[in-house]
Number of protein chains: 2
Amino acid sequence: MEHRIDRIKKQLHSQSYKLTPQREATVRVLLENETDHLSAEDVYLLVKEKAPEIGLATVYRTLELLSELKVVDKINFGDGVSRYDLRKEGAEHFHHHLVCIECGSVEEIEEDLLGDVEKIVEGQWGFQVKDHRLTFHGVCRVCQTQAVAASANESNS
Amino acid sequence: MEHRIDRIKKQLHSQSYKLTPQREATVRVLLENETDHLSAEDVYLLVKEKAPEIGLATVYRTLELLSELKVVDKINFGDGVSRYDLRKEGAEHFHHHLVCIECGSVEEIEEDLLGDVEKIVEGQWGFQVKDHRLTFHGVCRVCQTQAVAASANESNS
DNA sequence: CAAATTGATGATAATCATTTTCAGATAATA
DNA sequence: TATTATCTGAAAATGATTATCATCAATTTG
């Protein structure tokens, strides 16, 4: 963890930004909740526990900055809020989401699903791919079993 | 075009919704601007040309309704606005976007890039895929050639 | 070291997209 | 026709995000 903070610190310095206490606190919250797809509000409330004097605007500014530095991905699942995910190191292209249309859960998968597909896009459309966003919408395992249980109940009644 | 409006009309009726004049005007705008990724505001302004009395709230309500009926896709490119794309018939799973990080242009491609990938997701994660959203971020053909031209200029000076 | 500059912060106000409210229209049904 | 449900426009309300601004801290300059 300290290692990753150090790296982010260097990345900030290289663009003459500083890792202020507020920024560090924000990054720590992101590191401690890596799989949670936090909104700015979420991050704000969590940071406040450790650093109560921080302002919401600072959290927004920090998240925006980290997003520009490609330290976090700013993503959007269609509810009205942006969510911020710390990028896994070296996993820029293996980060996809499974959004359940029943319960709204979001599972994250790390897998190179699109290596070949990107080559096709580059070849066929001459579009130089730097990044992609892939989200599947469907029914998660839990909701599938619940649906089975529900229909079983129905036929009993 | 009339054919597609008829189909949407039937789809609405099957759920006891009506194709009111306002809704029809909205659908026509979407049909006439199929490749444009219009925001609600965009649609509103275009509809107003033909039906000046329409209200913005009605446009939002109509787009939301069409989105629930899967007639349009509500998509999000990360700027603060939702955009609405009429679904091509039978092309539910072949609709992807190439977003240029230089000029912001959005190209649409119709191609079944993910048939196999969906099977992998279903098999490996037990997630029942109903739909997906795939967006590539990178540099479009135009911006690539401009970048080449710019660096040529630089070495001349 | 003191003064001046710069960047960062917190509080608050402003903005902007979207939703909700509500009273009045419109169409469907009994 | 009376009744009911649906739909509408205008305006207000909401909620996320951004801008403003005075202050603070760190850094540079003299």
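Just so we're on the same page: letters track the sequence lines, and every chain starts at 1.
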**OP:** Kindly say whether the aromatic ring centers of B:Y84 and B:H37 come within a distance under 6.0 Å.
**Re:** no
Subject >> Pair B:E24-B:K9, side-chain contact (heavy atoms from CB on, under 4.5 Å): steps then yes or no >> reply: CA-CA 9 Å; B:E24 183 171 338; B:K9 186 173 182 176; over 6 Å; no
Original post:
Just the endpoints, please: which first and last nucleotides of DNA chain C, 5' to 3', lie under 4.0 Å from a heavy atom of chain B?
Top reply: C:dA17 to C:dT21
Original post:
Do any N or O atoms from the side chain of A:R23 and from the backbone of A:T62 form a donor-acceptor pair under 3.5 angstrom?
Top reply: no
**OP:** Could you run through nucleotides 7-16 of chain D and give me one letter per nucleotide, 5' to 3': B if any protein heavy atom sits under 4.0 Å from the base, S if only the sugar-phosphate is that close, - if neither?
**Re:** SBBBB----S
Original post:
Can A:E2 and A:R28 be counted as an ion pair, charged N to O under 4.0 angstrom?
Top reply: yes
Original post:
Does the side chain of A:H97 pick up a donor-acceptor pair with the side chain of A:E107 at under 3.5 Å?
Top reply: no
Original post:
Counting only N and O atoms by type, is there a donor-acceptor contact under 3.5 Å from the side chain of B:E41 to the main-chain atoms of B:L56?
Top reply: no
Original post:
So, the side chain of A:D73 versus the backbone of A:I75: is there a donor-acceptor pair under 3.5 Å, distance only?
Top reply: no
